[in-house]
Amino acid sequence: MEVINLNNVSYYYKAYNDDGTVGSAIGVEGVTLSVNEGAFVALVGHNGCGKSTLAKLLNGLLIPKGGTVTVFGLDTAKKENIFEIRKNVGMVFQNPDNQMVASIVEEDVAFGPENLGVPQKEIVERVNEALEQVGMTEFAKRSPHRLSGGQKQRIAIAGALAIRPKILVLDESTAMLDPQGRKEVLEVAHRLNAQGMTVLLITHFMEEVLDCDQVVVMNNGHVVKIGTPTEIFQDKRLLEDAGLRAPRTAELARALAEAGFDVSVRETDALKLGGDVCRNLQK
Amino acid sequence: MLRDVTFGQYYPGNSFVHKMDARIKLILTLLFMVGIFFVKSFVVFGFVTVLLLAIIFVARVPLKSVLKSIKGIIVLLLLTAIINIFFTKGEDGEQPLWSWWKIEIYVAGLKSAAKIFLRLVYLVIGSSVLTLTTTPVDLTHAVESLLKPLRIVKFPVHEFALIMSLTLSFIPSLIEETDRIIRAQKARGADFDTGGLIKRAKAFIPILIPLLVGGFRRAEELANAMNSRCYEGATKRTCMRVMKLSWRDLVGAFVMIAFFTGVFLLYGMSKQWSVDVAWLYY
């Protein structure tokens, strides 16, 4: 089932030029995209390519200037739909510190359900459940600012989960984290996806794209390619134009194949590649 | 450096006073602050001292951290005491205790200086017992709950409480950012530690501007995050935290109210009784 549909969507920002005139800058332009229920979709592109604009269009933080965005069949341009849409689209942003509403973890997670007007007892249930899903139960009474980046970002995910959304959008949520923190957040995202959550991961780390069902490559506000990770990694030209680079393992696989080794260019596991090379050499 | 600054002075504990409802504690602290101004005699000040010591003992907060709170107002204390000593004139016919040129010191001046001194000290100690035993978060909830009646006059109680709560949660990250900016500017040769007052104040402009700009950026991101989490104002919001009154609140309230009823009664009746039980008014 299709849960998100973007039809020829455009968004422009106001740009203030040096000479004092006001022009416009492309946020996204002519984007058509559809996401199915339960998918794990990665949205990649270099900084300023329109990834975050696209994310903000998904839950009505921005309303398209052209085209339509529908979530579960609801048009984001209609004001009366916004609340329902935001209930279904959980969003986690880049800087964990700037998303914390309260100075105690459990109260921060409770912010969403409190806004929905959920009865007190159910809020406690939802908060406990959300913290369990991200593995942060023991930190419920702590102050978020003493936690690590990865932990803070997991709290932010819990805050989104407590609303019980069907779609989770991670808008560069791993960009500010160290490798350990990134791993923590990605593990949570994949676990949620395995439980049926539709996940949209926005990132510029290509390694994070490896395990996704579908990759959307953006450049200068346009979607330039949609495909599986291996398909995308094959297209070196496209990636270069978009200011990206395939993960080392993918590049290695291609280099080996070009050098005449009998390895699958779709292989992204370094260990398996190594095994393949050894087998080739034995022959 | 700046990172060690913590907001509020909560002293974690599990005592009778810690477990009391923040709303009751807030009301009782206000009662104490008002009540202290109705204390007129040293004997009653003695009673207040005993009461305060008893509360501090029950709250199990170290006396040292309670007394530390006085440090902040020491200048104010000395100033008011000095003014009282030198500018209080004795009653008619009373000889000054000591005089030189136009300066005269009377016994009445010493007495009123001592009383003002005690009042201010007890005021600060009383409120610091509240902040030592109550987390800032609990205090915010208490303020929201107590201000609720003001909704009738359209006072935005919820928004007010939310602002307090956001302020609390952003103080640590703002301190961190200030620290970072200071170090960045120092690395580029900024000098904050030498020169006169004006020069030093000017040196802080390169810190304030990035901090302010950063603050606006944070505010926008926070607004997006809050909107994404279905924030639509106070209309139908519920609250996870339930504040329950317990027997402790009853006991605490009873003790405080009984004590200050006594203080108010003494104050009101001072005229008739002042002959019979003069020692209470000394």
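Computed from heavy atoms alone, side chains included, the values below leave out hydrogens, waters and symmetry copies. Below, read A as the first sequence line, B as the second, and so on, with proteins coming before strands; counting in each chain starts at 1.
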Point to revise | Residues in residues 133-143 of chain A that sit under 4.5 Å from chain B, counting heavy atoms only | key: none
**Study point:** Atom pair NE2/CD of A:His145 and B:Glu176 - distance to nearest 0.5 Å
**Key:** 7.5 Å
Point to revise | Closest heavy-atom pair and its distance - B:Asn227, A:Arg86 | key: O-CD, 3.0 Å
Check your understanding: When heavy-atom pairs shorter than 4.5 Å are enumerated against chain A, which of B:Glu232, B:Glu220, B:Arg217 gives the highest number?
Key -> B:Glu232
Check your understanding: So which part of B:His141 gets closer than 4.5 Å to some heavy atom of chain A, the side chain, the backbone, both or neither?
Key -> side chain
**Study point:** Max heavy-atom pair count under 4.5 Å with chain B, selected residue of A:Leu61, A:Asn59, A:Ile82
**Key:** A:Leu61
**Study point:** Heavy-atom contacts under 4.5 Å, residues 166-175 of chain A to chain B
**Key:** none
Exercise for review: For B:Leu53, enumerate each residue passing the side-chain contact (heavy atoms from CB on, under 4.5 Å) test, keeping only those at least two apart in sequence or located in another chain.
Suggested key: B:Thr49, B:Leu63
Practice item. Report, by ascending residue number, the residues of residues 95-122 of chain A in heavy-atom contact with chain B at a distance under 4.5 Å; give 'none' if the set is empty. Key: A:Asn95, A:Asp97, A:Asn98, A:Gln99, A:Met100, A:Val101, A:Ala102, A:Ser103, A:Ile104, A:Glu106, A:Glu107, A:Asp108, A:Val109, A:Ala110, A:Phe111, A:Gly112, A:Pro113, A:Glu114, A:Asn115, A:Leu116, A:Gly117, A:Val118, A:Gln120
Study note, to complete from the structure: Here the gap from B:Ser228 atom OG to A:Leu58 atom CG, rounded to the nearest 0.5 Å, amounts to 10.5 Å
Review point. How close do A:Phe93 and B:Ala225 get, heavy atom to heavy atom, and via which atoms?
Key: CE1-CA, 3.7 Å
Practice item. For B:Cys230 and A:Phe83, work out which heavy atoms get closest and say how close. Key: O-CE1, 3.6 Å
